[in-house]
Structures are given as C-alpha cells and as structure tokens.
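These notes are about the structure you will find just below.
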Number of protein chains: 2
Amino acid sequence: MARNPTIADVAERAGVSKGAVSFAFNGRPGVASATKERILAAAAELGYAPSYSARSLSNRRADAIGLVLARPPELLRADPFFPPFIAGLESVLAPTGRSLVLRFVSAVDEMAAYTELSRSNRIDGAIVADLRVGDQRPALLAELRVPFVSLNRPDTAGLGPAVCLDDRPGVRDAVNRLIALGHTRIGHIAGPAEFLHANSRQAEWAGTLAAAGLPPGPLVETDFTAGSGAAATERLLALADRPTALLYANDLMAIAGMSVAQRKGLRVPEDLSVIGFDDTEISGYLHPALASVRTDAYGWGAAAGGRLTEHIDNQDATDLELPAAQFVPRGSIGRPGGS
Amino acid sequence: MARNPTIADVAERAGVSKGAVSFAFNGRPGVASATKERILAAAAELGYAPSYSARSLSNRRADAIGLVLARPPELLRADPFFPPFIAGLESVLAPTGRSLVLRFVSAVDEMAAYTELSRSNRIDGAIVADLRVGDQRPALLAELRVPFVSLNRPDTAGLGPAVCLDDRPGVRDAVNRLIALGHTRIGHIAGPAEFLHANSRQAEWAGTLAAAGLPPGPLVETDFTAGSGAAATERLLALADRPTALLYANDLMAIAGMSVAQRKGLRVPEDLSVIGFDDTEISGYLHPALASVRTDAYGWGAAAGGRLTEHIDNQDATDLELPAAQFVPRGSIGRPGGS
DNA sequence: TTGAAAGCGCTACCAA
DNA sequence: TTGGTAGCGCTTTCAA
C-alpha cells in the first residue's frame, strides 16, 4: 500500500519547513498568506491530509467522542430514537473533524466499555443516554476525568452538563386531552422502571390523573418491545372494568396495542383511544393515525454534540434546555363510546 | 487532566523494558509467562491500556473501518436496516479492538468523505452500502488503496469482495404466492431506480409475473418514504382496472399503503393484498399482520465486518453469499375478492 | 516570518 | 528471553 503523503512531503514541495505546513493547516498566525497559499496548493496537488493518529498523539486529543449503547438488538431493530439522534450528533461533529465512537454492549459491560475507551485515549468526551435509576456512569466518567453530557439529568449527582428535553408537557397534554374527551379510566403501558425516562412518563401520567381528581388507571410495565406491548394490552382489555384509553411509553407498543384491540373487534377510537410516544415516521400514516408525543431526536443529538464539544473545549458545563416534547393529536383518540 | 499511565510506567513497575510490555500486550512470543503475568498485573493495578493513537501511528493501522451513509434524516428516522446492520458490524469489530467510523453526508459528499477518511489514515477499510447504478465508489476506494467490501455486487467492476444477500428468492416467493392465490393484477411500489437493490426487487417482480405469463402490473417509483408510499397507493387504487395486490419495496410504504386502502373502505386482504419488504419489528403486530420479505440485517452486518477484517488482514477477497431473503406470509394477503 | 528539533506513546528491530 | 533504541507523523517551543 503506497503510503499517503506526509507533512514532510508537503513541506519539501512547498519549499518550507514542516512547522510552517502545520501552522498553515491549523490556521495559526505566523505564516505569510502567500506562503500559506503555496503550502495549501502543494498539499492539494499531493492529496495530503494530516494523519489522524499522528496528530492526536501529538495533540493529546482523540477528536472523537464515545457513545455506549446497552440495547438488545431486537429493540434496535425498531428504535426510532437513536438513528436520528446519531445523525444529529454527526451533523455537528463531522464539520469539526471529530467522529463518534459507537459501542453496542450488554448492560453489564457498559461501564467497562467507557473505561476502556477512556484509558486507551480513544475519546475525549462521552455521551450518557438512557439514564437509569441510581446510574453509576456519571460518577465513573467523572473519576476517569472524561468530560460528558447526559441526556436529561441523572438522579445521582450532576457531574456533567445535562442536555434536557422535557417529555412531561407532551404527556400531560396527552392525558389532559383524554380527560377532556370524557375518559376516566386511562391506563398506562409503561417502559422498564429502571429507566428515568420511563419513570418520568409514568409519573406524569399518574400526576395528571391525580390533578384531575381521577383514580389512577391500570398500569403495566413492559420491556418496550412490540410483543410486550401487545401482551400488556391483552391484559388490560381483559379487565372487568377495562380502560377506555391507553397511553403507551412508545409508538411501537402503541401500534401493537391498537392491533390487539382491533383484532378483538374493538374500534379505535370509539371503543379504545390510543396514544403512543416518539411520533415515529409511520404513526401519521396508520389507520387510524396514531396520536403520539414528539421529541426531536435529531435536534437533541445536535444539541448534545454541540454542548459536549463546548464542554471539552471551554469547560462550559451549564445545562441546556431544549423545547419540550409535544403532544400530536390524531385519529386514534376520541370520546369514549364514540359519541 | 491527569495523564493516563503509559507503557513506561507499566515497564518500570514490573521491572522490565517497554518492549517487553508491548510484547506481553500483543500476545507475542518472547516473554516468559511469569514475566508476562507480572506485567499484566502491573498494568491492571495502574489501570493501563495502550494508547490508541500511539499504537496506530506506530502500527500504520487505524483499527477502524469507515461507513459513509448518504441518507436524508427523514429516512433514517424509520430505517429498519442500518441500526441492526451497524450493531452486527460492531459485534465483530469490538472484540478485535476495531471501531466503526460513521459519516452521514449528502450524496454529493459521499466520495469526498471516503477520500478524507482514507487520506487522514483514519480507517483501514470501508464498507460500501446502498450501491447505485454505475457506482463510482468501488473504483475510488481501489484507487485510494482502501480495502473494502460491498453489500451485494456492484454493476461496475468487482474491485473488492462482495457480501451478498440475495433478495430475489423472497420477492419471487411473494409474487408467486399472490399468483397462486389467484391474483392477476399485481402492482409494485418500487424504490428509487438509482439503487441496485430497488432495481433488483423490481426486476424480480416483473420477471416472476412474466414467467407466469401474466402482464406486468402497474408500477410506481417512490423515494422510500411513507408519504410517497401513500401517494403511490392512492394513484394505483384510482386506476380503472385497479390491482388486487401490491408489492412494496419496504414495509414503511406498505404500512402506509395498507392504511390508505383501509381509509378508502377497502378491506385488506379481501379487496387488496399487501406485501412489504424488510420485515420490520412492527409488521407482525399490525392488523392485519403484514406479510413481508425478511433480510437478516444484523447477520449481514456481522458477515460484512468479518469479511472486511479478513480482507484487511489476509487479503482474502472472495465473495461471501449469505442465506437469501425469505418471504414471510401473514394476514395481509388472501384471495382476490376474499373468497 | 521561518526553520530546527524535541517530544507524544507505541512497535519492532537489533544486540546482548 | 530480555533491554535499548530508532522511528511513525504531527505539534509546538525556541532560535534565528
């Protein structure tokens, strides 16, 4: 494999020193503009780009950030959050020459993965997503001295800036809309209680019911998969006093639940109103269209990437608050009984 | 930031030379096993891991592979292929210490992104996905001397190994099943003609109809989005002699199409049979459940990652053929007229 | 404004 | 089997 040209080749061709080439490429003062042009021209002719590893060895900067995901593959298959989140991240990283180091691991290997990435100097910052109750990752990263941002605030000490997108207003509006339509038995198909985001949605559902003076509806905890959403729906629809509306912790389960109801001969929304969460691409195209709660995953990714690079560069570690999640009403909700 | 321990720290603590530590960490012969243990113990105590950039500068290996995706964010939001594909890739890369460098770009910047990754020595191999008609990427990567694998074979010269998953048997079985059920007007909602995979599905649909002596059904080309699938469906259902069955190039459009039909008062499958492609997680949980064609994206990712690392390490550049895509029959298909 | 040279932490070669 | 050492390609300091 013919070696790529090095800084020395460019320097020779332009008739300057290696230092000058380096300065030219990093936009630093001390190079006459004519010289700089000559250098850049020589580099272009040679097809030169600075070697990433040499630069980061010298720099002590990896120009990369880490994201470790502990999701089982079957959830990944249908996950509407991470692809646009990662695309948003990349949209701010790539222009600055940074890249994202992704790791998919099982939950038990999560801490080890962050540790390994840090010790091998592979990343100079990290993103903590899917916060759990009592999450140890913020403390670990602080100990490793890896700057990080978390998606929303951990329930443990805030050791790094949080980039927050409040999902509660969307959930509250959703539940209130159901209440306004006349529903009094509003169930919730929740995500795993270990996750803060699943907890937050559940708490907001319960709180909104309580604020309206309604009894808490039935609740089932799931693992976020379509199958568990379908099973949970079966269970709630078999109750003697079955709910007339169901709020799901994601669209995947909501879609599965809607089908379960339809298969039982129930009409949506006349016999059962359904609301999801995520506002997946497909939701608006279902029959009936699925009401949902929308979070801007792409924007969240871009914001997290931006705040993280600022944190790395300037130590700016203040939290960032994004526009809250929004309820998107659609045909899957209506008055109980369809009146 | 307190610097991570270096190889010199470990050597000093273990009372050996840096060379010995390096050998111990790379599992190379020439280190007595007692010495090796002492070295590894010292490293563990110090929390040492080899510096990635120093190693790859010395090695001339990036220990990373590149994947450049030219997908618009709105397609990424609902894409059922790349998340599991990437997870499959990582599953074989991570254990060998390699990582994946992802880039999301617009189609015009695709070549530039590969060039930049190669010139900066950031990757030692690449993956070419979403092959297009007359794709220039294989030639570019060959010129850059970057080993690569393509997903399926390009229509241009085969300059690198292809990891192939034939989608035709799945499509053929799907169409033949419709024919066996008595359908004679079978339409196709195709993906963009620039993509080889979209072409392949379309050609197989047409070929299977022809082989059965049936006239080609109506065809609409889309951009793979739910919206375009819905619009295409509207168009075909408005035809005087409307098709009784529709084969879609992905599940996203198939789901949207199914809803369009239902909204028009058509019953699925009695009035319209529907088949998708991808076998998304949600498809089996719809009402009716969506028949589809399944490709193992996770397995494809793992195979592509495996073949690419072999190609990088051993120059093994032979093609790899994976199990073909499989038709998954479900409730969305039936006899025309519902008899 | 420019050039020379000393690292960055590792690998790999050569002697011992 | 071990230790010493010369790079890898870049950044950055210091002299000129």
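Predicted model only: the values in this text are computed from it and were never measured. Side chains included, hydrogens not; waters and symmetry mates left out as well; all remaining heavy atoms used. Chain letters run A, B, ... following the sequence lines, proteins first, then strands; residues in each count from 1.
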Quiz item: By a strict heavy-atom criterion of less than 4.0 Å, which residues belonging to residues 40-48 of chain A are in contact with DNA chain D?
Solution: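 Within this stretch, A:Y48 sit under 4.0 Å of the strand.
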Exercise. Kindly state which residues belonging to residues 6-21 of chain B come within less than 4.0 angstrom of DNA chain D, counting heavy atoms of the residue only, listed by number.
Key: B:G15, B:V16, B:S17
Quiz item: When rounded to the nearest 0.5 angstrom, what is the spacing between CD in B:E45 and CG in B:D9?
Solution: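 Those atoms lie 13.0 Å apart.
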Exercise. Could you list where the contact with chain A starts and ends along DNA chain D, reading 5' to 3', using a 4.0 Å heavy-atom cut-off?
Key: D:dG9 to D:dT13
Under a 3.5 Å distance rule, please check whether [X] uses its side chain to pair with a backbone N or O of [Y] as donor and acceptor.
X: A:T309; Y: A:G305; result: yes
X: A:S150; Y: A:R153; result: no
X: B:R38; Y: B:A14; result: yes
X: B:S56; Y: B:Y52; result: yes
X: A:R137; Y: A:A129; result: yes

Quiz item: Among pairs that include at least one residue of residues 295-304 of chain B, which meet side chain to side chain donor-acceptor pair (under 3.5 Å), considering only residues two or more places apart or in two chains?
Solution: none
Quiz prompt | Contact list for residues 111-123 of chain A, test side chain to side chain donor-acceptor pair (under 3.5 Å), sequence neighbours left out | solution = A:R122-B:S99
Quiz item: Does A:E37 CD have over 12 foreign heavy atoms under 6.0 Å away?
Solution: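 Result for CD/A:E37: open.
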Practice problem: Would you please name every residue forming a ring-ring contact (aromatic ring centres under 6.0 Å, His included) with A:F148, sequence neighbours left out? | Solution: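 Counting only residues at least two positions away or on another chain, A:F148 forms no ring-ring contact (aromatic ring centres under 6.0 Å, His included).
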Practice problem: Please name all residues satisfying ring-ring contact (aromatic ring centres under 6.0 Å, His included) with B:F82, sequence neighbours left out, ordered by chain then number. | Solution: B:F85
Quiz prompt | Degree of bending in the helix from C:dT1-D:dA16 to C:dA16-D:dT1 once both end axes are built from five pairs, to 10° | solution = 40°
Check: [Y] and [X] side chains under 4.5 Å, non-hydrogen atoms:
X: B:D135; Y: B:R132; value: yes
X: B:L100; Y: B:I65; value: yes
X: A:R307; Y: A:T318; value: yes

Self-check item: Heavy-atom contact window of chain B on DNA chain C, given 5' to 3' at under 4.0 Å
Solution: C:dG9 to C:dA12
Exercise. Not counting sequence neighbours, which residues clear side chain to side chain donor-acceptor pair (under 3.5 Å) with A:N59? List them please.
Key: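 For A:N59 there are no side chain to side chain donor-acceptor pair (under 3.5 Å) partners, ignoring immediate neighbours.
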Quiz item: When the nearest nucleotide of DNA chain D is assigned to B:N121 and to A:F23 on a heavy-atom basis, which residue is associated with the more 5' position?
Solution: B:N121
Exercise. Please list, by residue number, the residues of residues 24-37 of chain A whose heavy atoms come closer than 4.0 Å to an atom of DNA chain C; answer none if no residue qualifies.
Key: A:G30, A:V31, A:A32, A:T35
Exercise. Scan residues 48-65 of chain A for pairs that pass salt bridge (Lys or Arg N to Asp or Glu O under 4.0 Å), counting only residues two or more places apart or in two chains.
Key: A:R61-A:D63
Exercise. Taking all non-hydrogen atoms of both residues into account, name the closest pair between A:A113 and A:V105 and its distance.
Key: CB-CG1, 4.1 Å
